[in-house]
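Structure first, then comments.
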Amino acid sequence: HVQLVESGGGTVQAGGSLRLSCTASGGYAYSGYCLGWFRQAPGREREGVAVIDSLGTTNYADSVKGRFTISKGTVPHTLYLQMDNLKPEDSAMYYCAAPAFNRPGGVCDIRYTMDIWGKGTQVTVS
């Protein structure tokens with residue numbers, strides 16, 4: 001029903017930048033919920049990278065703090081991840097994710113439970 005589609009991945013040199021985009025379709029109407037970006041490298045567990053709540057408050061993994069910025073676009077159901085000063089350890093498949101329902105009172109952090117996932121966009125830093 002609801003689909004999330006990521007774009008913007010690619011191969012960059014260490015110290016370079018990428019801007020990932022995520023768009024939702026299929027009647028998704030919960031862009032005001034806690035939304036986030038996650039990543040998974042081969043042989044590693046999936047980890048939360050950055051999240052943003054309905055008020056625009058953001059939270060980041062310590063490993064990317066100061067280098068990555070999550071934001072919402074002016075077009076509804078659009079989410080971005082600006083990645084600067086990329087490091088080889090940032091190489092992973094990056095996924096956009098959203099919950100299927102709101103959890104009132106829940107803290108929007110990088111461990112927030114997500115239900116809807118995109119197919120991912122590959123980021124490789126050399």
Side-chain angles (χ1 to χ4, degrees):
H1 186 256
V2 175
Q3 292 185 328
L4 302 178
V5 180
E6 305 94 339
S7 63
T11 301
V12 298
Q13 297 177 338
S17 298
L18 285 173
R19 185 176 178 84
L20 307 184
S21 299
C22 173
T23 58
S25 63
Y28 186 71
Y30 306 105
S31 60
Y33 293 174
C34 181
L35 307 172
W37 289 94
F38 296 74
R39 68 186 182 187
Q40 186 169 25
R44 305 294 297 274
E45 294 185 346
R46 184 184 64 201
E47 64 175 342
V49 175
V51 294
I52 184 167
D53 70 10
S54 61
L55 299 178
T57 301
T58 58
N59 283 281
Y60 299 90
D62 289 341
S63 60
V64 307
K65 193 171 299 182
R67 300 187 298 118
F68 290 11
T69 304
I70 187 172
S71 62
K72 298 177 183 178
T74 57
V75 178
H77 305 156
T78 305
L79 187 69
Y80 299 103
L81 183 68
Q82 177 67 42
M83 305 185 294
D84 297 318
N85 192 24
L86 284 161
K87 304 176 180 180
E89 52 263 43
D90 294 318
S91 297
M93 185 72 73
Y94 282 71
Y95 300 90
C96 174
F101 55 91
N102 191 27
R103 289 186 278 272
V107 177
C108 186
D109 59 27
I110 59 172
R111 288 184 169 81
Y112 196 93
T113 299
M114 301 295 184
D115 307 297
I116 304 171
W117 298 83
K119 293 184 181 298
T121 184
Q122 180 67 45
V123 172
T124 302
V125 184
S126 62

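All values derive from a computational prediction rather than experimental measurement.
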(message) So V49 and M83, do their side chains get closer than 4.5 Å, heavy atoms only?
(response) no
(message) A side-chain contact here means heavy atoms from C-beta on lying under 4.5 Å apart; do I52 and L79 qualify?
(response) yes
(request) Compare all side-chain heavy atoms of R67 with those of D90 and state whether any distance is below 4.5 angstrom. (result) yes
(request) Identify the heavy atoms of Q122 and A92 that sit nearest to each other, and give their distance. (result) NE2-O, 3.2 Å
(request) For L86 and V12, work out which heavy atoms get closest and say how close. (result) CD1-CG2, 3.5 Å
(message) Using the ring pair (Phe, Tyr, Trp, His ring centres under 6.0 Å) criterion, which residues pair with Y94? Sequence neighbours excluded.
(response) none
(message) Return the CD1 to CD distance between I70 and Q82, rounded to the nearest 0.5 Å.
(response) 12.5 Å
(message) How close do S17 and N85 get, counting heavy atoms only, and between which atoms?
(response) OG-N, 4.2 Å
(request) Might you point out which heavy atoms bring R46 and Q40 nearest each other, and give the distance in Å? (result) N-NE2, 3.7 Å
(message) Do M114 and W37 sit in one hydrophobic cluster, given that two such residues count as connected whenever their side-chain heavy atoms are within less than 4.5 Å of each other, even indirectly?
(response) no
(message) Would the distance check show the side chain of T124 and the main-chain N or O of S91 forming a donor-acceptor pair, the cut-off being under 3.5 Å?
(response) no
(request) Mark yes or no for whether E6, through its side chain, and G120, through its backbone, hold a donor-acceptor pair below 3.5 Å. (result) yes
(request) Using a 4.5 Å cut-off on heavy atoms from C-beta on, say whether the side chain of T69 contacts that of Y80. (result) no
(request) Could you pull out the closest heavy-atom pair between L4 and A97, with the gap in Å? (result) CD1-CA, 3.9 Å
(message) Nearest 0.5 angstrom please: R111 CZ to E47 CD, how far?
(response) 9.5 Å
(request) Check the hydrophobic clustering (I, L, V, M, F, W, Y; side-chain heavy atoms under 4.5 Å; chains of links allowed) and say if L35 and Y95 are grouped together. (result) no
(message) Please report the interatomic distance SG(C96) to NZ(K119), rounded to the nearest 0.5 Å.
(response) 13.5 Å
(request) Would you kindly confirm whether F38 and V125 end up in one hydrophobic cluster when ILVMFWY residues are joined by side chain heavy atoms under 4.5 Å apart? (result) no
(request) Give, for atom SG of C22 and atom CH2 of W117, the distance between the pair rounded to the nearest 0.5 Å. (result) 11.0 Å
(message) So, taking the atom named CG in D84 and the one named CZ in R19, what distance separates them when rounded to the nearest 0.5 Å?
(response) 10.0 Å
(message) Hydrophobic clusters here meaning ILVMFWY residues chained together by side-chain heavy-atom distances under 4.5 Å, can you tell me if V64 and L81 are in one?
(response) yes
(request) Compare every heavy atom of D115 with every heavy atom of F101, then report the nearest pair and how far apart it is. (result) CE2-OD2, 4.0 Å
(message) For K65, is there an ion pair with D62 - N to carboxylate O distance below 4.0 angstrom?
(response) yes
(request) Tell me whether the guanidinium CZ or amine NZ of R103 lies under 6.0 angstrom from the six-membered ring centre of Y112 and within 45° of its axis. (result) yes
(message) Return the CG to CG distance between D109 and D53, rounded to the nearest 0.5 Å.
(response) 10.5 Å
